[in-house]
Amino acid sequence: MPRKEIIYRDRDRYRMGVKKLRSLIEEQAPKAIKNTEFKALEGRIIAVDTSNNLYQFLTAIGTENGSSLMNSIGETTSHLQGTFYRTIKFMSNGIKPVFVFDGAPPTLKSGELAKRSAKKKEAKENLDEAKETGTTEDVAKFSKRTTSATRKQNEECIKLLTLMGIPVVRAPCEAEAQCAELVKGGKAWASGSEDMDSLAFGTKILLRNLTASDQKKNPLWEFDHEKLLYGTGFTHDQFIDLCILLGCDYCESIRGIGPVRAFELMQKHKSIEEVVKHLDPTKYPVPVPFPFDEAREPIQEPTCHPCR
DNA sequence: ACTCTGACTCAAGACGTA
DNA sequence: TGAGTCAGAGT
DNA sequence: TACGTCC
């Protein structure tokens, strides 16, 4: 029982690691990142990872008092408003979006899911408390944490997009993986996602902040997979190993190995097997178990509809 | 001096008008 | 959930 | 650019 607790905590830590990938790329392969703008994407087909979108709409649109926009019979419409206008925005910039919706999360993530639902429950309690004793700001703040898109809202957005003539793909599993597959298969030019995992899944181009309303504060970034490999000298498989060391969803990381050491070790030893062999086990004990080899598979060949 | 962790906080869209 | 920042411990 | 409004 206590062991499970540890695993959940480590999963959390690992997620934190992925975000460090951006600054790592900035330092080690600066040419793989460039600042771009909507106008530069004219005519491009972009596979848009919608995982977070509905949540963003539901929490950002019309939420001054903590509730959403609603129709005459009290049904929430924020997700439709957001989806509609964002799609218009893409189209009027000459961008051809393909919206990719999440399917079931991979089984390896079930531990994380359990933890997430526990957090939701905690947030719900905070919300109830704020409703009784807190300010309206508190209520708005905590209601954002309890918000999540329903199955029905997902289907409504898919229907809206279909009626607008926009292609929609239902990913069997993770949307980022399906986006990468669409790009690798030549169906799309880039993935639009906030998740750096997209590069590990092998998308050729990753666009970040495609969904930010304030382009001054959150400029649009373009990551180039090929230039990333060229700049770091890694093969794609070595890059995946680096991501696993930095922290992915599928296995724990090694305490004390952050972005700097992980990068140096991978440059020197070229694979996790060799890295582990050369680690001082007294300074950097490897987690037990440490299923890094099993972690490679869902990254190299994730569950998704094949496009090749 | 550098690296990593952990605990913390905050913000999360798009439009038109002034 | 991710990004930024801080203090504190380890290398 | 900031801000109020979208239902």
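In the text below, chain A, chain B and the rest are named by the order of the sequence lines, each starting its count at 1. None of the values given here were measured: they were computed from a predicted structure.
- Going from atom CZ of A:F57 over to atom P of B:dC15 covers 11 Å, rounded to whole Å.
- Checking B:dC4, B:dA14, B:dA12 against every side-chain atom of A:R86, the shortest atom distance belongs to B:dA14.
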- Message: Run the side chain to side chain contact (heavy atoms under 4.5 Å, CB included) test on A:E222 and A:L206 for me, step by step, so that the C-alpha distance in whole Å, both residues' side-chain angles and the decisive distance to 0.1 Å come before the verdict.
- Response: CA-CA 6 Å; A:E222 181 181 322; A:L206 166 62; over 6 Å; no

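- Applying the side-chain hydrogen bond (donor to acceptor under 3.5 Å, both in side chains) criterion to A:D237, with sequence neighbours excluded, gives A:Q300.
- With respect to A:E273 and A:K277, no salt bridge is recorded, no charged nitrogen being found less than 4.0 Å from a carboxylate O.
- Across C:dG4 and B:dG13, the matching P atoms stand 16 Å from one another, rounded to whole Å.
- Counting any heavy atom pair closer than 4.0 Å across all strands shown, A:G62 reaches a base atom.
- Remark: aromatic rings of A:F234 and A:F263 are close, center separation under 6.0 Å.
- In this entry the distance linking NZ of A:K20 with P of B:dG6 reads 10 Å, nearest Å.
- Pairs of residues two or more places apart, or lying in two chains, that qualify as salt bridge (Lys or Arg N to Asp or Glu O under 4.0 Å) and include a residue from residues 56-77 of chain A are A:E75-A:K152.
- The CG atom of A:N52 sits 11 Å away from the P atom of B:dG13 (whole-angstrom rounding).
- Side-chain nitrogen and oxygen atoms of A:R22 include at least one within less than 4.0 Å of the OP1 or OP2 phosphate oxygen of C:dG4.
- Nucleotides of DNA chain D that come within less than 4.0 Å of any heavy atom of chain A span, from the 5' end to the 3' end, D:dT1 to D:dC7.
- Among the nucleotides C:dA3, B:dA12, B:dA14, the one closest to any side-chain atom of A:R208 is C:dA3.
- Going from atom CZ of A:F38 over to atom P of B:dA14 covers 7 Å, rounded to whole Å.
- The side-chain hydrogen bond (donor to acceptor under 3.5 Å, both in side chains) test applied to A:S51 returns A:D49, A:D102, not counting sequence neighbours.
- If you check C:dG10, B:dA12, B:dC15 against the side chain of A:R261, the one that comes closest is C:dG10.
- When the P atom is compared between B:dC10 and D:dT5, the two are found 26 Å apart, to the nearest whole Å.
- Residue A:K216 is classed as a sugar-phosphate contact, given heavy-atom separations below 4.0 Å to backbone atoms only.
- Take A:K96 and apply the side-chain hydrogen bond (donor to acceptor under 3.5 Å, both in side chains) test, not counting sequence neighbours, and it matches no residue.
- What separates CG of A:N209 from P of C:dG4 is a distance of 10 Å, to the nearest Å.
- With A:W221 as the aromatic partner, A:R208 does not meet the cation-pi criteria of under 6.0 angstrom to the ring centre and within 45 degrees of the ring axis.
- Out of C:dT11, B:dA14, B:dA12, the shortest distance to the side chain of A:Q56 is found at B:dA12.
- Looking at heavy-atom distances under 4.0 Å, A:T211 makes contact with sugar-phosphate atoms alone, never a base.
- Rounded to whole Å, the separation between the P atoms of B:dA11 and D:dA2 comes to 15 Å.
- Among the heavy atoms of the strands lying under 4.0 Å from A:E64 is at least one base atom, whether or not backbone atoms are also near.
- Straight-line distance from the NZ atom of A:K89 to the C1' atom of B:dG13: 8 Å, rounded to whole Å.
- In this structure, the nucleotide among C:dT11, B:dC15, B:dA12 sitting nearest to the side chain of A:Y55 is B:dA12.
- With sequence neighbours left out, A:H305 forms a side-chain hydrogen bond (donor to acceptor under 3.5 Å, both in side chains) with no residue at all.
- As rounded to whole Å, 12 Å separates atom P of C:dG10 from atom OH of A:Y284.
- In this structure, the nucleotide among B:dC15, B:dT3, B:dA12 sitting nearest to the side chain of A:Y85 is B:dC15.
- Straight-line distance from the CG atom of A:L279 to the C1' atom of C:dT11: 13 Å, rounded to whole Å.
- In this structure, A:F84 reaches neither bases nor backbone, as no heavy-atom distance under 4.0 Å exists between it and the strands shown.
- Look at the C1' atom in both D:dC7 and B:dA18: the space between them is 24 Å, to the nearest Å.
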